[in-house]
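In what follows, a single structure is set out as structure tokens and then discussed.
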Amino acid sequence: MDIIWKDMKFFLTCLTHLSVSQSMALGNNGGFCVSTNCASENWIYYPEPITDSNTVDIAVKFFADRNISFMWPVYSGGSEFLGDSGLIYAGDLAAMTLDPAKITPGIDDNITFEHIVTPEQSQEWARTAWHGFGGGTDDTPENYFALVNSLNGERENFSLYLARMGGASVGTFMITQEPDIMGVYYFAVIPEMRRKGIAVMMMNEVCRLSGGKRIVLQATPSGRPFYKNYGFEELFMIPVYSTEKDIF
């Protein structure tokens with residue numbers, strides 16, 4: 001299996017194990033739907049081309065019953081069935097990879113990194129990530145706090161990190177704990193602290209934490225230029241369908 005889809009399957013399968021999640025098998029090929037009761041993480045994983053509208057209708061109903069939007073990354077073909085069922089093409093995720101051995105990470109003593117362990121740290125991480133992805137500074141939803149607390153409770157699979165500058169929280173990322181690859185998620189710098197080199201230092205820390213494992217991620221259109229400039233190789237594009245146009 002391609003390393004990108006391998007990591008995505010690992011991440012989404014781990015989401016099904018969270019205390020906040022509900023999931024449902026989809027077909028007989030290992031596909032599934034997962035809802036975390038939070039707008040940011042509701043997905044369909046389907047590792048084959050889509051060949052009939054019935055599969056799509058079953059998946060759409062799973063999320064419609066919960067009144068929540070979702071993302072369906074298309075593995076290979078069959079997107080016409082998604083459009084026929086009323087789903088919208090929301091854009092592409094860029095499948096990207098990096099060999100950390102090719103990077104010589106610099107160090108900035110003004111930026112430190114905190115591995116999230118306690119519930120209090122988890123709440124601060126949630127507030128910072130929410131702001132980093134476009135939310136306000138004091139409007140983080142309770143279900144987002146619940147999601148992050150649940151992620152933090154799965155430390156055998158996920159590790160959450162908070163970037164600090166001068167003691168203030170300025171960025172977040174999460175890595176997956178897999179034997180041969182490391183996935184990167186929730187990589188964000190708060191808006192008022194961007195273009196100060198913080199994202200580069202954060203990715204340097206990811207490289208250090210990788211222990212030499214190949215790093216993979218699925219970049220949104222806004223994040224893609226940074227990762228390319230840092231040195232990530234773009235492998236292919238993943239079309240994403242949803243009930244909403246602005247899902248990223």
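Side chains included, hydrogens not; waters and symmetry mates left out as well; all remaining heavy atoms used.
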Please check if the distance between the ring centroids of Phe70 and Trp43 is under 6.0 Å. no
Note: Ser169 and Thr128 closest approach over all heavy atoms is CB-OG1, 3.3 Å
Value for CZ (Phe10) from OH (Tyr45), rounded to nearest 0.5 Å, stands at 13.0 Å
Leu151 backbone acceptor or donor facing Glu154 side chain under 3.5 Å: no
- request: Side-chain contact test, heavy atoms from C-beta onward, threshold under 4.5 Å: evaluate it for Ser40 versus Leu147 and give yes or no.
  value: yes
Smallest heavy-atom separation, Phe145 atom then Ala126 atom, equals CD2-CB, 3.6 Å
Could you check whether Tyr186 and Phe173 have their ring centres less than 6.0 Å apart?
no
To the nearest 0.5 Å, atom CG of Leu18 lies from atom OG of Ser23 at 10.0 Å
TODO: Check whether the side chains of Ser21 and Thr16 place a donor and an acceptor atom closer than 3.5 Å, and report yes or no.
DONE: no
Rounding to 0.5 Å, atoms CG (Asn37) and OG (Ser150) come to a distance of 11.0 Å
*May I ask you to check whether Ser222 and Thr220 show a side-chain donor-acceptor distance below 3.5 Å?*
yes
Using side-chain heavy atoms (C-beta onward) and a distance below 4.5 Å, is Ile175 in contact with Leu209?
yes
So, Asp139 side chain and Gly135 main chain: donor-acceptor pair closer than 3.5 Å or not?
no
* Using atom types as modelled and distance alone, determine if a side-chain donor or acceptor of Asp7 lies under 3.5 Å from a backbone N or O of Ile3. => no
Q. If Ile, Leu, Val, Met, Phe, Trp and Tyr residues are connected whenever their side-chain heavy atoms lie under 4.5 Å apart, and connections chain through other members, are Val184 and Met174 in the same group?
A. no
When rounded to the nearest 0.5 Å, the distance separating CZ of Arg164 from CD of Glu114 is 4.5 Å
> Do Thr97 side-chain atoms and Ile215 backbone N/O form a donor-acceptor pair below 3.5 Å?
Replying inline: yes
| query | Do side-chain atoms of Thr36 reach the backbone of Asn42 as a donor and acceptor pair under 3.5 angstrom? | reply | no
Any side-chain heavy-atom pair of Leu162 and Glu124 under 4.5 Å:
yes
### Message
If you count heavy atoms of other groups shown closer than 6.0 angstrom to CG of Asn28, is the number above 12?
### Response
no
I'd like to know whether Lys6 forms a salt bridge (Lys or Arg N to Asp or Glu O under 4.0 Å) with Asp2, so could you lay out the CA-CA distance, the side-chain angles of the two residues, the decisive distance to 0.1 Å, and finally the verdict. CA-CA 6 Å; Lys6 178 181 178 182; Asp2 181 272; over 6 Å; no
- prompt: What is the ring orientation for Phe187 with Phe226, classed by angle as parallel under 30°, tilted 30 to 60°, or perpendicular over 60°?
  reply: parallel
In terms of heavy-atom contacts, Phe248 and Met71 come closest through CE2-SD, 3.8 Å
Flag side-chain contact, heavy atom, 4.5 Å: Ile58 against Leu26: yes
Table please: side-chain donor-acceptor pairs of residues 103-113 below 3.5 Å, with sequence neighbours left out.
| residue | atom | partner | partner atom | Å |
| --- | --- | --- | --- | --- |
| Asp108 | OD1 | Asn110 | N | 2.8 |
| Asp108 | OD1 | Asn110 | ND2 | 3.4 |

Looking at Ser79 and Leu82, would you say the former's side chain and the latter's main chain have a donor-acceptor pair under 3.5 Å? no
Residues 47-59 vs side chain to side chain donor-acceptor pair (under 3.5 Å), sequence neighbours excluded, gives Asn29-Glu48, Asp52-Thr55, Asp57-Ser85
Practice item. Taking Asp92 for its side chain and Ala94 for its backbone only, find out whether a donor-acceptor pair lies under 3.5 Å. Key: no
Sorted by chain and residue number, the ring-ring contact (aromatic ring centres under 6.0 Å, His included) partners of Tyr46 (sequence neighbours excluded) come out as none
Less than 3.5 Å apart, which donor and acceptor atoms pair up between the side chains of residues 188-199 and the rest of the protein, not counting sequence neighbours?
| residue | atom | partner | partner atom | Å |
| --- | --- | --- | --- | --- |
| Glu192 | OE1 | His131 | NE2 | 2.9 |
| Glu192 | OE2 | His131 | NE2 | 3.1 |
| Arg194 | NE | Val189 | O | 2.8 |
| Arg194 | NH2 | Gly132 | O | 2.7 |
| Arg194 | NH2 | Val189 | O | 3.0 |

Mind checking whether Val200 and Tyr230 have side chains closer than 4.5 Å, heavy atoms only?
yes
Tightest non-hydrogen contact, residues Trp5 and Pro73, listed as CH2-O, 3.8 Å
Check your understanding: Trp72 versus Val56: any side-chain heavy-atom pair under 4.5 Å?
Key -> yes
### Message
Less than 4.5 Å apart, side chain to side chain, heavy atoms only: is that true for Gln218 and Ile238?
### Response
yes
SG (Cys33) and CE (Met24) are apart, to the nearest 0.5 Å, by 4.0 Å
Do Tyr144 and Trp130 make the cut of ring centroids closer than 6.0 angstrom?
yes
All heavy atoms of Ile116 vs all of Trp125, minimum pair found to be CG1-CD1, 3.6 Å
*Do we get Arg155 above Phe158's six-membered ring, with its NZ or CZ under 6.0 Å from the centre and within 45° of the axis?*
no
Q. When you check the gap from the basic side-chain N to the acidic O, do Asp138 and Arg127 get nearer than 4.0 Å?
A. no
For residues 200-210, the salt bridge (Lys or Arg N to Asp or Glu O under 4.0 Å) pairs (sequence neighbours left out) are Glu205-Arg208
Salt bridge (Lys or Arg N to Asp or Glu O under 4.0 Å) pairs touching residues 225-245, sequence neighbours excluded, are Arg224-Glu234
For this session: Indicate, with yes or no, if Val170 and Met203 share a hydrophobic cluster defined by side-chain heavy-atom contacts under 4.5 Å among Ile, Leu, Val, Met, Phe, Trp and Tyr.
Result: yes
Tell me whether the rings of Tyr161 and His115 are parallel (<30°), tilted (30 to 60°) or perpendicular (>60°). parallel
Q. Any donor-acceptor pair under 3.5 Å linking the side chain of Asn157 with the backbone of Gln177?
A. no
Exercise. For residues Ile4 and Phe236, determine if any side-chain heavy atom of one lies less than 4.5 Å from a side-chain heavy atom of the other.
Key: yes
With no hydrogens and no angle check, is any side-chain donor or acceptor of Lys213 less than 3.5 Å from a backbone partner on Glu178? yes
Checklist entry - Are Met201 and Val206 grouped together when hydrophobic residues (ILVMFWY) are joined by side-chain heavy atoms under 4.5 angstrom apart? => result yes
Smallest heavy-atom separation, Asn152 atom then Thr118 atom, equals ND2-O, 3.8 Å
Original post:
Do Met237 and Met8 belong to the same hydrophobic cluster, where Ile, Leu, Val, Met, Phe, Trp and Tyr are linked whenever their side-chain heavy atoms lie under 4.5 Å apart, directly or via other members?
Top reply: no
Within one Ile-Leu-Val-Met-Phe-Trp-Tyr cluster: Leu93 and Val74, side-chain cutoff 4.5 Å:
no
Do any N or O atoms from the side chain of Ser210 and from the backbone of Gly212 form a donor-acceptor pair under 3.5 angstrom? yes
